[in-house]
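Written below as structure tokens is the structure these notes are about.
Basis for what follows: all heavy atoms, side chains included, without hydrogens, waters or symmetry-related copies.
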Amino acid sequence: MAQQKGRTSKADATRRQLLDAAIEVISERGYADTTVERIVEVAGVSKGVAYYHFSSKADIATCILVEGIGEIVDDFVAIAGKAPSAVEALTAMMDSFAATIFRNAGFGRILVSELWRRGREWSEPLRVLEERLLAVLRRQIERGQREGSIRGDIDAAFEAVAVVGMVLTTTLHYIREAEQRVEEGCDCAEAFAAAERSLTARICDYVHHANA
């Protein structure tokens, strides 16, 4: 049993290593110009190992996007179930979403590039997850309208889409600003921490005041 668990843990680690390498390569080159050869080179494994875990480059990209969005959806659902008010739920969701992108900017860049693209292997499962994500947000906006913290004339469905787009693209903007500060000689950890603190404060302000 212990040996089996050890083999499973090693396989999971290798799979994660491949996904992380793929995120790095795809976010730099774009999906079309990415090759499995380059992914395994960055991951430091053989091509055979890659094909043991994934059937194709498209399968790798699908796992990156579907698993990544799936984790965000699960996080939103958990937050919605615990938050005592809609404003607190929305603030926590947006803060968590931004933090996820700050931890993995490469994933965020792939998400921006591929979330609304049609005709990919991952298009349909991603659409389903996107609808789940928007539904969680929409329900909290409607909850805020019932609680009186969000204007009743706001279109909740439109607001949900707008909030996701705003946080995703704004977070990537702040990440780029932090990267520029690092290029200019600032400490990397402090530059990114300052950018995340600034963005979090603005997200909280937006949720509390934009819809009042």
If you compare all heavy atoms of A50 against all heavy atoms of L18, which two are closest, and at what distance to 0.1 Å? CA-CD1, 3.8 Å
At what distance, to the nearest 0.5 angstrom, does CG of L19 lie from SG of C63? 6.0 Å
Starting from the C-alpha separation in whole Å, work towards a yes-or-no answer on side-chain contact (heavy atoms from CB on, under 4.5 Å) for I72 and F107. CA-CA 12 Å; I72 294 169; F107 168 71; 4.1 Å; yes
Gap between atom CD1 of I154 and atom CD1 of I141 - 0.5 Å precision: 8.0 Å
Less than 4.5 Å apart, side chain to side chain, heavy atoms only: is that true for D12 and R16? no
Between R15 and E67, does any side-chain N to carboxylate O distance fall below 4.0 Å? yes
Under the side-chain contact (heavy atoms from CB on, under 4.5 Å) rule, what do L168 and V112 come out as? Steps first, then yes or no, please. CA-CA 8 Å; L168 180 55; V112 165; 3.6 Å; yes
Should the pair E179-R176 be classified as a salt bridge under the 4.0 Å nitrogen-to-oxygen rule? yes
Do R197 and E190 meet the salt-bridge criterion of a basic N to acidic O distance under 4.0 Å? yes
Could you tell me whether the side chain of E147 and the main chain of A86 form a donor-acceptor pair under 3.5 Å? yes
Give me the atom names and distance for the closest heavy-atom approach of Q145 to G152. NE2-O, 3.5 Å
Could you tell me if the side chain of M94 sits less than 4.5 Å from the side chain of L199, heavy atoms only? no
Just checking, is any N or O donor in the side chain of S123 or R120 under 3.5 Å from an acceptor N or O on the other one? no
Would you mind checking if E184 and R181 are paired as a salt bridge, meaning a charged N to carboxylate O distance below 4.0 Å? no
Side-chain contact test, heavy atoms from C-beta onward, threshold under 4.5 Å: evaluate it for I64 versus W122 and give yes or no. no
Is the shortest side-chain heavy-atom distance between F97 and V164 below 4.5 Å? yes
If I compare all heavy atoms of A105 with all of I175, which pair ends up nearest, and what's the gap? CB-CD1, 3.7 Å
Considering all heavy atoms of both residues, which atom of R143 and which atom of A80 are nearest to each other, and what is their separation? NH1-O, 4.0 Å
Looking at every non-hydrogen atom in both residues, tell me the closest pair between A156 and E142 and how far apart they are. CB-CG, 3.7 Å
Heavy-atom pair of closest approach, residues F102 and Y174: CZ-CB, 4.0 Å
